[in-house]
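Notes for the one structure printed next.
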There are 2 protein chains.
Amino acid sequence: MARERQLPPLSRLSRRSLLGGAAAAAGAVTLTGTAASPASAATRDVDVAIVGGGLAGLTAARDLVAGGKTVAVLEARDRVGGRVLNLPLANGGVTEGGGEFIGPTQDRIKALADSLGVGTFATYNTGNNLLYKDGKKTAYATDGLLGSVPPIDAAGLANAAIVQASLDDMAKTIPLDAPWTAAKAEEWDRQTFETWLRANAVIPSAKFLLDVACTSIFSAEPRELSLLFVLFYIAAAGNETTPGTLERLTETAGGAQELRFAGGSQLVPIKLAATLGDRVVLNAPVRTIAKSGSKYVVTADGVTVTAKRVVVAVPPPLAARITYDPLLPAARDQLTQRLPMASVGKAIAIYDTPFWRADGLNGQVVSDTGVISSTFDNSPPDASYGALMGFIEADEARKYDAASEAEVKAAVLKDYVTYFGSKAASPTSFVLQRWNNEAYTRGGPVSIGAPGVLTQYGPALRAPVGGIHWAGTETSLHWMGFMDGAVRSGERVAKEVLAVL
Amino acid sequence: MARERQLPPLSRLSRRSLLGGAAAAAGAVTLTGTAASPASAATRDVDVAIVGGGLAGLTAARDLVAGGKTVAVLEARDRVGGRVLNLPLANGGVTEGGGEFIGPTQDRIKALADSLGVGTFATYNTGNNLLYKDGKKTAYATDGLLGSVPPIDAAGLANAAIVQASLDDMAKTIPLDAPWTAAKAEEWDRQTFETWLRANAVIPSAKFLLDVACTSIFSAEPRELSLLFVLFYIAAAGNETTPGTLERLTETAGGAQELRFAGGSQLVPIKLAATLGDRVVLNAPVRTIAKSGSKYVVTADGVTVTAKRVVVAVPPPLAARITYDPLLPAARDQLTQRLPMASVGKAIAIYDTPFWRADGLNGQVVSDTGVISSTFDNSPPDASYGALMGFIEADEARKYDAASEAEVKAAVLKDYVTYFGSKAASPTSFVLQRWNNEAYTRGGPVSIGAPGVLTQYGPALRAPVGGIHWAGTETSLHWMGFMDGAVRSGERVAKEVLAVL
């Protein structure tokens with residue numbers, strides 16, 4: 001094993017820069033040495049170059065360092081965390097612009113957070129949900145979209161229950177490491193989820209519930225998704241011993257929205273990056289990965305890294321934008337042409353108090369209209385202020401991508417007033433995060449697969465290409481699309497590299 | 001209007017370099033001045049920078065120059081022509097690795113070829129077609145896949161005829177400039193072509209014919225395509241006065257395969273580039289397009305161009321790999337994440353004579369098996385030698401992308417022997433072109449749309465972004481996916497730019 005070396009202080013990971021976003025944009029992060037001495041300081045030679053400083057890349061780095069390897073993590077942004085982002089509030093609090101929830105069977109993100117001393121607390125879930133449908137508001141007790149009894153017609157409820165059971169049953173037949181080998185893979189990968197839903201969720205109210213579940217889970221419309229891809233995603237919503245279910249994806253208590261991180265989810269990658277110190281280089285978007293003899297030369301803005309192996313831990317459509325020399329095999333390249341990012345934004349309105357709680361509401365809405373069709377109570381654990389978080393998803397995200405923040409704010413608050421009353425009209429502050437507009441994500445929360453993609457290109461998702469290995473939540477066998485999947489992918493890719501290095 | 005200026009001799013467009021491919025790889029093309037004087041010779045200031053030296057970019061350049069504008073065409077390869085490529089043969093002849101056919105209503109490529117003195121000749125179409133199905137070979141008289149009476153069961157023929165008529169009828173309702181506004185756009189864009197075919201081509205032999213039509217037209221499987229996208233493509237197979245039909249896409253005589261170009265189709269872009277002289281820069285892959293004040297700075301390997309406007313005339317998934325500053329709007333970026341290239345190769349076997357003609361065969365096969373399921377007689381007009389051209393399409397292209405040339409050759413010749421007898425086993429030479437493996441195409445013949453893409457992102461296909469305009473066959477209202485569409489897109493984008501410059 002190679003000896004761990006002292007690396008030059010290329011990046012200064014100040015707390016401010018790691019908190020990222022608007023706060024870091026002021027320029028706290030500098031690549032010292034880049035200007036002064038490009039030939040020496042802006043060049044590194046390591047065992048493994050890691051492209052992307054999200055949870056996947058940072059976890060891979062941690063495990064590779066633990067395995068005695070030298071690494072450099074090249075992060076395009078001025079912050080770590082990728083799709084996980086803390087946003088500071090004017091009131092001194094923090095809210096989350098990206099992934100924020102964790103839940104049962106998400107063992108690896110939980111273990112990582114535990115190891116870093118980042119605690120969790122329960123997502124607020126006391127009181128009634130709200131269903132807003134056909135212009136009517138109905139409160140009901142539930143632990144999630146499909147886990148309980150939303151106030152819709154009995155036929156619709158029965159239909160939705162059957163559809164849910166069918167999806168879970170089909171998902172049970174999916175081999176997680178190769179969904180394209182499922183007995184019915186071809187049948188399921190030749191149709192959209194929409195086509196299947198129309199044939200199975202035949203009662204309109206059931207179709208409505210499944211549509212909202214789909215946009216909530218994927219930030220994509222059912223028409224954009226292969227049925228096989230949806231089944232894989234459901235199958236992946238578990239761990240090595242507990243099979244995935246649709247309910248675990250949609251639930252709050254007992255599901256993927258059960259817990260939140262104290263201090264905000266980005267604390268996990270920030271603290272993880274801190275353990276890596278100067279191995280993490282910010283403001284270094286990677287442009288080319290070129291083989292040179294037995295090594296790879298990874299060229300980023302401001303820094304060039306030579307390495308024996310490369311881990312690419314960015315979303316597939318962004319991995320496609322790196323220039324590879326030699327060319328990637330067609331299977332890998334065409335795969336990355338076919339895994340677009342879904343479309344998502346988050347809108348968080350801050351109030352002096354979580355006033356909806358006094359009305360017996362838990363802040364969770366399911367709606368058939370508006371820019372926001374699904375909300376959560378994102379207030380801090382001590383409820384020292386109130387926060388209503390709404391997802392802007394799929395068609396609604398596309399509709400509002402180019403709107404001004406004021407326009408989005410007005411549309412969002414209109415919905416919040418509809419759901420929670422006139423007090424919602426006057427937040428003390430308003431935070432908007434539109435991932436489709438982010439240079440280094442260009443959508444979210446996850447890459448999605450249209451019909452044909454998994455059966456035609458599935459094996460290229462994780463297969464290393466020479467010394468280039470692939471990570472990122474999209475490559476995970478469990479909890480693809482979630483923070484847990486990102487961590488798992490980092491752990492898997494580190495094992496993969498350590499086995500050959 | 002700006003004064004036409006004398007441009008420095010940045011590129012030397014030798015005939016050898018323009019013929020491109022293997023012949024040019026030896027290094028005939030040099031960017032003189034790049035090394036000697038980067039600050040002057042490798043910088044140009046023009047009215048319009050054009051990214052891509054295929055038919056779209058070159059046509060745009062021609063019209064912009066005719067309109068009094070200065071241009072620079074930045075071509076990544078060491079040749080012009082993009083998806084149109086002549087390949088030299090050992091016997092002194094030439095064959096075509098990319099687009100080669102033209103037909104009725106493809107008026108703009110025809111006019112362009114006429115203006116350059118490139119003549120046409122009829123695709124060989126005398127004698128019988130062959131149907132190879134269920135292990136049996138049947139000769140039959142026809143002018144194309146669906147235009148006549150293939151020897152299948154009567155029920156299948158009747159079913160295929162009804163399906164064909166239905167597709168044409170639906171296509172007639174598609175507004176070419178905005179397919180997403182068709183009355184049934186949402187219904188048609190939420191399902192795959194496969195789903196629709198299974199509901200409508202219910203007789204297996206009819207489904208077979210439609211499947212072969214689909215892979216022949218799109219080099220994609222029906223599962224990969226939105227029904228709306230297929231209908232648009234059919235609707236686009238005509239001109240301003242003649243509506244598109246499926247038959248025009250599949251036919252030889254009277255259809256899109258009716259004529260070929262004397263000397264090979266790449267003669268058209270080669271001669272067009274010659275009229276542009278040093279305005280065309282080879283070996284100049286564009287990496288960034290950045291706005292700087294009122295101008296754009298287009299940075300390619302070896303050359304930087306400043307321009308008032310930029311025309312991007314490369315396939316959408318490759319346009320996505322350029323770095324834009326400022327960022328493109330989400331709608332445009334996410335569109336380019338969702339228009340992957342289809343999967344295609346061509347295999348051409350050269351023989352001393354077109355021996356199949358003596359057997360009363362026209363060289364056109366439709367098959368239900370093998371790497372090659374559709375062939376043409378690609379012999380020169382004087383039949384001084386024989387050439388059998390076969391398409392490697394969709395799943396078969398993917399299967400053979402990573403195979404050695406020897407493996408592909410063996411598989412192709414096995415098919416040719418099955419179809420045309422033992423003489424086919426011994427070609428004098430064999431030429432293979434796999435577009436999925438090409439750095440600057442990464443698939444072909446055209447970008448394809450999965451469900452949701454047109455309705456969700458259609459308007460971003462042609463909408464200029466600031467001073468950046470979009471061309472390429474994918475943006476054409478007529479003959480998208482064909483050389484004619486590329487030429488039309490170049491003419492349209494030049495008008496668009498001239499109107500504002």
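Order of the sequence lines sets the chain letters (A, B, ...), proteins ahead of strands, with each chain counted from 1. The figures that follow rest on heavy atoms only: side chains count, while hydrogens, waters and symmetry mates do not.
Within a 6.0 Å sphere centred on NZ of K291(B), heavy atoms belonging to other residues, nucleotides or ligands number more than 12.
Using a 4.5 Å cut-off between heavy atoms, L335(B) makes no contact with chain A at all. Only the backbone of A342(B) comes within contact range of chain A, judged by heavy atoms closer than 4.5 Å. Heavy-atom distances place the side chain of D395(B), and not its backbone, under 4.5 Å from chain A. R287(A) touches chain B through its side chain: at least one heavy atom from C-beta onward sits under 4.5 Å away, while N, CA, C and O do not. Of the atoms belonging to S226(B), not a single heavy atom falls under 4.5 Å from chain A. If you measure heavy-atom distances from R442(A) to chain B, the contacts under 4.5 Å come from both the backbone and the side chain. In this structure, no portion of I322(B) lies under 4.5 Å from any heavy atom of chain A. Residue Y457(B) touches chain A through its side chain alone, counting heavy-atom pairs closer than 4.5 Å. Proximity to chain A is limited to the side chain of A450(B), based on heavy atoms less than 4.5 angstrom apart. Only the side chain of I448(A) comes within contact range of chain B, with at least one heavy atom under 4.5 Å from a heavy atom of that chain.
Looking at R338(B) and E224(A), their side chains come closer than 4.5 Å, going by heavy atoms from C-beta outward. Contact annotation: the side chain of Q456(A) approaches that of R223(B) to within less than 4.5 Å [non-hydrogen atoms, C-beta and beyond]. Using a 4.5 Å heavy-atom threshold, the side chains of N437(A) and L327(B) count as separate.
Residues E221(A) and R190(B) are not paired through a salt bridge, judged by the lack of any N-O separation under 4.0 Å between the basic side chain and the carboxylate. Using a 4.0 Å cut-off between charged nitrogen and carboxylate oxygen, R332(A) and D401(B) do not count as a salt-bridge pair.
Interface check for chain A: of the options A320(B), P222(B), A402(B), the most heavy-atom pairs under 4.5 Å are formed by A320(B). Counting heavy-atom pairs closer than 4.5 Å to chain A, the top residue among Q191(B), M341(B), E186(B) is M341(B). Between chain B and the residues T455(A), N436(A), V453(A), the largest count of heavy-atom pairs under 4.5 Å involves N436(A). If you tally non-hydrogen atom pairs under 4.5 Å between each of A331(A), G452(A), G443(A), P451(A) and chain B, the highest count goes to P451(A). Ranked by heavy-atom pairs under 4.5 Å with chain B, the list E194(A), R434(A), R198(A) is led by R198(A). With chain B as the partner, the residue from P329(A), A330(A), P285(A) showing the most heavy-atom pairs under 4.5 Å is A330(A). Of the listed residues (T192(B), T336(B), D333(B), T195(B)), the one with the most heavy-atom contacts under 4.5 Å to chain A is D333(B).
Side chain of R321(B) to backbone of T323(A): no donor-acceptor contact under 3.5 angstrom is found. Side-chain atoms of Q337(A) do not come within 3.5 Å of backbone N or O of L339(B) as any donor-acceptor pair.
Between Q334(B) and the options P340(A), S343(A), P317(A), a side chain to side chain contact (heavy atoms under 4.5 Å, CB included) holds for only S343(A).
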